[in-house]
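Atoms within a ligand are numbered from 1 in the order they appear, just like the ligands themselves. These numbers come from the heavy atoms of this one structure, side chains and all, not from hydrogens, waters or symmetry mates. All of these numbers come straight from a predicted model, not from anything done at the bench.
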Amino acid sequence: MIRILFVCLGNICRSPMAEFVMKDIVKRNGLEDEFCISSAATCREQIGNPVHYGTKNKLAEFNISVEGKYAVQLKKEDYDKYDYIIGMDSMNIKNINRIIGSDPDKKVFKLLEFDGSKEDVADPWYTGDFNIAYNDILKGCEALFKKIILDFHR
Ligand code: 4NP
């Protein structure tokens, strides 16, 4: 089982988008049973709130539902529960490291690293641009999926 936790600031825009895009990729490849995928926030602000309509509407274009997802906050214990803890931007990475304390197993990544980029996934909460967020998140998730499959066959 490969366990992935996507993390952003509020857990209502980017990380749930990554969670459901990644679940869709895995499902289309018939590998649902091999993955456990979730998402969480670094801040408390949106805890318990549903996914932002911008993310919900963007994913609806691809028949991806975000039904049943409500924001939760990253906990220190999550470090042991996941193989990958993936932030969307550099501030997320700082906050993830603050919450988990240390990363001895090198589980913490920034999403676009998998696509060979140092860029952040810009926050649509501030930019209003869910298309750019979606394109970046799809690129990152496809690259992550490829890496996991390649690692598996190594
Ligand atoms: P996200 O966007 O980190 O992509 O979910 C945000 C959502 C809410 C807030 C900040 C960012 N907020 O401050 O409530």
Let me know which of V7, D136, N92 forms a side-chain contact (heavy atoms from CB on, under 4.5 Å) with R14. N92

Over 12 non-hydrogen atoms of neighbours within 6.0 angstrom of CZ in R28: yes

Give me the residue, atom name and distance of the protein heavy atom closest to [atom].
| atom | answer |
| --- | --- |
| atom 8 (C) of ligand 1 | W125 CD2, 3.4 Å |
| atom 4 (O) of ligand 1 | R14 NE, 2.8 Å |
| atom 5 (O) of ligand 1 | C13 N, 2.9 Å |
| atom 1 (P) of ligand 1 | C8 SG, 3.5 Å |
| atom 11 (C) of ligand 1 | D123 OD2, 3.1 Å |
| atom 14 (O) of ligand 1 | Q46 NE2, 2.7 Å |

Are the side chains of C141 and F6 in touch, meaning some heavy atoms are under 4.5 Å apart? yes

Mark up the atoms of ligand 1 that fall under 4.0 Å of a heavy atom belonging to Y126, in ascending order. 10 (C), 13 (O)

For ligand 1, which atoms have a heavy atom of I12 less than 4.0 angstrom away? 5 (O), 7 (C), 8 (C)

Ring centres under 6.0 Å, that's the criterion: do F114 and F145 meet it? no

Quick check with a 6.0 Å cut-off and a 45 degree axis cone: is K107 positioned over the face of Y82's six-membered ring? no

Taking the six-membered ring of Y53 (Phe, Tyr or Trp), confirm whether the NZ or CZ of K56 is under 6.0 Å from its centre and within 45° of its axis. no

Is M88 touching ligand 1 with its side chain, its backbone, both, or neither, if touching means heavy atoms under 4.0 Å apart? neither

Is there a donor-acceptor contact under 3.5 Å from the side chain of Y79 to the main chain of I85? no

